[in-house]
Amino acid sequence: MTPFSRLASAFSTLEATSSRTAMVATLSALLKSLDEDEVQSAVYLVQGRLGPQFDAPQFGFSEKLTTRALAEWSGRPVAEIERLYRTHGDHGLVAEKALRVEKTGRAAPLSTVEVYEALRALAEASGSGSVQGKINALVSLLRRATPEEAKYILRIPVGRMRLGVGDATIMDALAISRGDKTLRPVIERAYNLCSDLGLVARTLYSAGPKALAAFKVEVGRPVKMQFAERVKDIADIVRRMGKCAVEPKYDGFRCQVHKDGTGVRIFSRNQEDNTAMFPDIVRAVATQVKASRAILEGEALAYDAQTDTFFPFQVTVQRKRTHGIAEAEAAYPLRLNVFDLLYADRTDMTCEPYQKRRARIRTLLKAGAGLAPAPALVSGDADEITRYFETQIADGLEGIVAKRLDSPYEAGKRSFNWIKFKRAYHGALKDTLDLAIVGYFAGRGARAKLGIGAVLCAVYDAKSDRFRTLAKVASGQSDDAWIALRTRLEKHAVSHRPARVDSRIEPPYWVEPTLVVEVFADEITRSPVHTAGVGTDDEPTGFALRFPRIVRGVREDRQPEDATTEREVARLFGLQRRARSKA
DNA sequence: GTCGGCTCCACCC
DNA sequence: TTCCGACTTATTCGG
DNA sequence: CCGAATAAGTCGGAAGGGTGGAGCCGAC
């Protein structure tokens, strides 16, 4: 039985180490000292989890509740804990450095398995009163912990171990703890096939590397997905791969579908089990897949049969729910665009070349509404691929994914055997001609994220009848000032209102964007600006594109059109980005 | 006692 | 999803 | 030919927008 203090001590060492090889050495020494029946829980704890993605309870417990637990543990007010958290940036450090609550009396030392079991029980609690129950459970665990132990016990529920140790490092350490680095490929392969590093560790320790080598693709167990690398231009794709298969890049949910006789399970890209969310896909698999056992992969999107087009992600994402599934299904049926096959009948297809897998998909699927093989263009010609790409963009898709014709399915890998190429956003803005811009502001009841007094500038997309946020400007005003602004805005209110908006943002008034701009010119130019929606860091910001006059107002000497990304806009115009972290 | 709003959490891209 | 920094590993270059 | 300098690749962490769900709490 290994005391948890040994883990905590090793974690401290790991945290202070930057060299990966040194981390591997520390971690392998720790693992080596563990018993067969401890290594599984220990590996999960190093990962900061309680089990594999597809089979671990969620804590439902993070920053806020941890703060409350710390307050109860230390007997200090919540406000003080919050202050300490802001200065230390980490609940674990607050416990270890600032509070240093000593364990009570002769409390028995915590064992590794004990900590794991306690956290697991905590996570599994649910129902009325469970929030306080979780806090109590955590506090009683902390009362038995040394400050160093407390540091890591707290970090697990908030999901930030901050050890600098990822799966790959754990795998290296496992290899060295039971042999040498040559075991790494066996371990990695087993992990990629079963998605459960704790199971891999236990198997290695109890049955040895041969048992790991015998792992195979198993229907019902999620296989780690293959992902695509990104390139800057299409010529790069041809340069790297030559002749390749080019598929549309759909913006929906990546799904790995396991069919086992009459049973069907659907896993997300993180091996979460989403079967219950997508009954339409389950039915389609049952009727359309001509094999009793199979593992398929594809992208699920809400599909509009009337126009034969796919809905944007914002619509598809509404299918991600656990209640009202039937209604959502009726409103937005899904189609799974199948682009890979990992297993069929009794055959592991992952080692077969891409073209063979694709050919088998065509013979495997019956025609039907729910499942369709994703189209693919085979070409080595950059011009032809560019035209294909433009066709996809015109159809409202995200871009393309090119795949090497002879490559196997590389579970858990991101390599240049798959290459994605996405559009730049201004193309989409230009192409979506029926965009109308509106402005609106969020009044009382807006989400806390925005805060009362946020101004949002949004693009109204008539096609999907939804808004995309372009920019939001925190007013940062006192209440009186805000009421005055609101009064000014009310004068310009117009009646137009979209049918579908975020239910949590119910702006009382809709106004023309130009009026928002006029009314709020001062506030907008002086406030921190954060663009959104079109505003991921590397995409041209809608704010600069749509409201150049405002940006000019900030710095007359700069040309906002020159700035193509949010980051650049922020730099050019001296705008602050939103606070970097909660710390 | 029910219901709706709110906060916090987890996960999709 | 994207970006970025710290490190490691592979490759090139100069004495 | 060898070692240093440089380039390329790996890995982990941090951040953004937006959605639904669970539990809590106060109003009625």
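Computed from a predicted model, the values in this text were never measured in an experiment. Order of the sequence lines sets the chain letters (A, B, ...), proteins ahead of strands, with each chain counted from 1. Atoms considered below: every heavy atom in the structure, side chains included; atoms not considered: hydrogens, waters and symmetry mates.
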For nucleotides 11-13 of chain B, tabulate all protein N/O to nucleotide N/O atom pairs closer than 3.5 Å, reporting atom names and distance.
unit_1  : atom_1 : unit_2    : atom_2 : d
dC11(B) : OP1    : Gln58(A)  : OE1    : 3.4
dC11(B) : OP1    : Glu272(A) : OE2    : 3.2
dC12(B) : OP2    : Ser268(A) : OG     : 3.1
dC13(B) : OP1    : Arg254(A) : N      : 3.1
dC13(B) : OP2    : Arg269(A) : NE     : 3.4
dC13(B) : O3'    : Asp251(A) : OD1    : 2.9

Margin query: Here's one to test your reading of the geometry: is the NZ or CZ of Lys151(A) within 45 degrees of the ring axis of Phe11(A) and under 6.0 Å from its centre?
Written below: no
[X] side-chain N/O to [Y] backbone N/O, donor-acceptor pair under 3.5 Å:
X         : Y         : answer
Glu410(A) : Gln226(A) : no
Tyr116(A) : Leu50(A)  : yes
Arg319(A) : Tyr332(A) : yes

Margin query: Holding to side-chain contact (heavy atoms from CB on, under 4.5 Å), I want the full list of residues that pass it with Ser195(A), two or more places apart in sequence or in another chain.
Written below: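 For Ser195(A), the residues satisfying side-chain contact (heavy atoms from CB on, under 4.5 Å) (neighbours in sequence not counted) are Phe54(A), Pro222(A), Lys224(A), Gln271(A).
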Checklist line | Upstream residue (5' side of DNA chain D) when Met161(A) and Gly324(A) are each assigned their closest nucleotide | finding: Met161(A)
Margin query: On DNA chain D, compare the nucleotides closest to Asp167(A) and Arg321(A); which residue's is nearer the 5' end?
Written below: Asp167(A)
Any chance the side chains of [X] and [Y] put a donor and an acceptor closer than 3.5 Å?
X         : Y         : answer
Ser268(A) : Asn270(A) : no
Glu72(A)  : Gln132(A) : yes
Asp340(A) : Tyr409(A) : no

What's the [atom1]-[atom2] distance between [X] and [N], to the nearest Å?
X         : N       : atom1 : atom2 : answer
Tyr85(A)  : dC8(B)  : OH    : P     : 13 Å
Glu188(A) : dC11(D) : CD    : C1'   : 12 Å
Leu138(A) : dC9(B)  : CG    : C1'   : 16 Å
Leu14(A)  : dG13(D) : CG    : C1'   : 16 Å
Gln318(A) : dG17(D) : CD    : P     : 19 Å
Leu65(A)  : dA10(B) : CG    : C1'   : 13 Å
Asp172(A) : dT10(D) : CG    : C1'   : 11 Å
Leu122(A) : dC9(B)  : CG    : C1'   : 14 Å

Checklist line | Summary of protein contacts for nucleotides 22-28 of chain D, nucleotide by nucleotide, where a base hit scores B, a sugar-phosphate-only hit scores S (4.0 Å, heavy atoms) | finding: SSS----
Next item on the list: Taking only the side-chain heavy atoms of Ser62(A) (C-beta and beyond), determine which of dT19(D), dC9(B), dC11(D) contains the nearest atom.
Entry: dC9(B)
Checklist line | Thr169(A) side-chain N/O to dG12(D) phosphate OP1/OP2 under 4.0 Å | finding: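 Yes, such a contact exists.
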Checklist line | Smallest separation among heavy atoms of Met161(A) and Gly48(A), with atom names | finding: CG-CA, 3.5 Å
